[in-house]
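Scroll down for the structure; my scribbles are underneath it.
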Number of protein chains: 2
Amino acid sequence: MGIVERKEREREEMRKLILEGAQKLFLTNGFDKVSIRNIADEIEYSPATIYLYFKDKNELFFSLHQKAFLKLIDEFTPIATIQDPMETLIEMGRIYLRFAFENPELYDLMFIMTAPIDTLACRDDVWEDGHRAFGLLQLVVQRCIDAGAIKHPNAEQAGLMIWSTVHGLVALHLRKRMSMFEEDAQKLLDNVFELFIATIKRGL
Amino acid sequence: MGIVERKEREREEMRKLILEGAQKLFLTNGFDKVSIRNIADEIEYSPATIYLYFKDKNELFFSLHQKAFLKLIDEFTPIATIQDPMETLIEMGRIYLRFAFENPELYDLMFIMTAPIDTLACRDDVWEDGHRAFGLLQLVVQRCIDAGAIKHPNAEQAGLMIWSTVHGLVALHLRKRMSMFEEDAQKLLDNVFELFIATIKRGL
DNA sequence: AAACTTACTGAACACTGTTTAGTAAACAAA
DNA sequence: TTTGTTTACTAAACAGTGTTCAGTAAGTTT
C-alpha cells in the first residue's frame with residue numbers, strides 16, 4: 001500500500017512547485033507583483049488549486065520566509081571556524097549586512113513585512129525561525145561576555161541592542177529612508193557598522 | 001475679485017477634509033482598512049472626487065506622513081530648554097521612543113511604509129521631512145562632540161548610528177519581530193535604550 | 001462494472017485603485 | 001437677463017486583488 005505515501009510525496013512536490021513559482025516571481029518582478037493568479041499562471045494551474053495546498057496567501061509567504069531563514073542560517077556556517085568570540089560577532093554582523101544587500105526582498109520578508117508573521121498570530125504560534133536566529137547571536141554575545149570582551153552581563157539585552165542597530169541600518173536603507181546621505185549606501189552602512197563595533201568594543 | 005481666493009480656500013478645506021477623514025479611519029481601524037472608497041464614504045463624497053485633490057493614494061499618504069512629522073517635531077520642542085548636550089540627546093531618544101509607542105501607525109507611515117516615499121521617488125524629489133528631522137539629531141550630536149561627550153568626530157555617522165539603533169528597536173517591535181522576548185515590550189525597549197546610552201557614553 | 005474519493009477548475013463574490021464620460025451648478029460676458 | 005463657459009462632482013466602468021464553492025473528471029476501491 002504505497003499509494004498514500006506516493007500521494008503524500010506528490011502533495012509535497014506540489015507545495016514545492018507553488019513555492020518555487022512564487023519565489024521566482026518575486027525575485028524577478030518584486031513582491032507587489034506576486035499575486036495568487038500570477039503564481040497560478042507561472043505554474044500552469046488554476047488559482048483555486050493553490051488554496052488546496054496553502055490556507056491563504058500569508059501562509060504561502062510564511063513558507064517563503066522559512067526558506068529565506070534557511071539561506072541566512074546557511075550563510076552563517078563559516079563563523080564556526082573563528083576562534084575569537086568578538087571576531088565571530090563582527091563577522092556575523094558583516095554576513096548579516098551582506099545578506100540584506102544581496103537579498104533585499106528576502107530580508108524584507110523575514111524582518112519587515114507583516115504577511116508571514118500574521119499567519120503565526122492567527123494560530124498563536126511562536127516565531128521559531130526568528131527565535132533560533134536570535135539564539136545564535138545571543139550565544140556569540142554570551143561567549144564575548146565570558147571572554148571579557150563585553151562587560152555587560154546580560155547577553156539577551158546586549159544581543160537585542162546589536163541586532164537593533166544592524167536591523168535599523170538595513171531597514172532604513174531598504175525602505176528608502178536614507179536619501180539624505182550622499183554616500184553610497186553599501187559603503188555608508190559598512191562604515192557605520194564599523195563605528196558601532198568600535199563603540200561596543202570600548203563601551204559595552 | 002475675491003472669487004479665486006475663496007475657491008483656493010475651499011480647495012484647501014476640501015484637502016483638509018479628505019486628510020482628516022483618512023486619518024480618522026486609520027487611527028481607529030488601522031491602515032489596511034483605509035481605502036479610497038472608505039474615505040469617500042467617511043466624508044460623504046464620491047471616490048472620484050478624492051482624485052481631484054490628490055494625484056493618487058500614495059500622495060494622500062504622503063500628506064498624512066507630513067502631518068505626522070509636524071507632530072513629532074512638535075514633541076521635540078521641550079529639548080530646547082536642556083543645557084547639557086548629552087542630556088538633550090538622551091531626551092530626544094526617549095521622546096522618539098515614546099512617540100513610536102503612542103503613535104505606532106504614524107511611526108510606521110513615517111519610517112517603514114513605502115507608500116509615502118514612492119510619491120517622492122516618481123517626481124524625483126528629496127525627503128525634506130526626514131532630512132529636517134535627521135538634521136535636528138545631527139545638530140545635537142555635533143554639540144555632544146563639541147562638548148567632548150562624544151569622541152567620534154563625524155556627527156553624521158554617529159547620528160545615523162544612534163538613529164539606526166532606536167529605529168531598529170521600534171521597527172522590530174512594530175513589525176512583531178520581538179515575540180521571543182518575555183518582557184513587556186515598552187520596558188524591554190526602554191532598558192535596551194538605556195544600555196545603548198551607557199555604551200555610547202563610554203565608547204562613542 | 002459500480003461506487004466512492006481525490007484533484008482540480010470556472011465562475012463568482014466582494015473588495016481594491018483609478019479613469020472617463022456626463023451632469024448640474026457657478027460664474028462671466030453679452 | 002440670457003447666453004456661453006468654466007468648475008465641481010459623480011455613476012459607471014476597467015483591470016486588478018484574495019478567496020470560496022459548486023461541479024467535473026480522473027484515480028482508487030469494492
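Note that the structure is predicted; figures quoted are calculated from it, not measured. Order of the sequence lines fixes the chain letters, A, B, ..., with proteins taken first and strands second; residue numbering starts at 1 for each chain.
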Nearest-angstrom distance from the residue atom [atom1] of [X] to [atom2] of [N]:
X	N	atom1	atom2	result
B/Phe31	C/dT16	CZ	C1'	16 Å
A/Ile39	D/dG18	CD1	C1'	11 Å
A/Phe54	D/dG18	CZ	P	14 Å
B/Lys57	D/dG16	NZ	C1'	14 Å
A/Glu10	D/dA26	CD	P	16 Å
B/Ile18	D/dA8	CD1	P	12 Å
B/Tyr51	C/dA21	OH	P	18 Å
B/Glu59	C/dT18	CD	P	11 Å

Counting only distance, no hydrogens or angles, is the base of D/dG16 paired donor-acceptor with the side chain of A/Arg37 under 3.5 Å? no

Donor-acceptor contact below 3.5 Å, side chain A/Arg175 vs main chain A/Val170: no

Any side-chain N or O of [X] less than 4.0 Å from the OP1 or OP2 oxygen of [N]?
X	N	answer
A/Asn58	D/dG18	no
B/Tyr53	D/dC9	yes
A/Thr49	C/dT9	yes

Along DNA chain C (nearest heavy atom to each residue), the more 5'-positioned of A/Ser46 and B/Ile36: A/Ser46

Sorted by position of nearest nucleotide on DNA chain C, 5' first, the leading residue of A/Tyr45 and B/Asn38 is A/Tyr45

Measure from the side-chain heavy atoms of B/Leu52 and tell me the nearest of D/dC9, C/dT16, D/dG18. D/dC9

Nearest to the A/Ala48 side chain among C/dC8, C/dT18, D/dT20, which nucleotide is it? D/dT20

Quick check, are the ring centers of A/His65 and A/Phe61 under 6.0 angstrom apart? no

CD of A/Glu128: more than 12 outside heavy atoms within 6.0 angstrom? no

Can you classify the ring geometry of A/Trp163 versus B/Phe181 as parallel (below 30°), tilted (30 to 60°) or perpendicular (above 60°)? tilted

Answer yes or no on whether A/Arg15 is positioned over the face of A/Phe54, meaning its NZ or CZ is under 6.0 Å from the six-membered ring centre and within 45° of the axis. yes

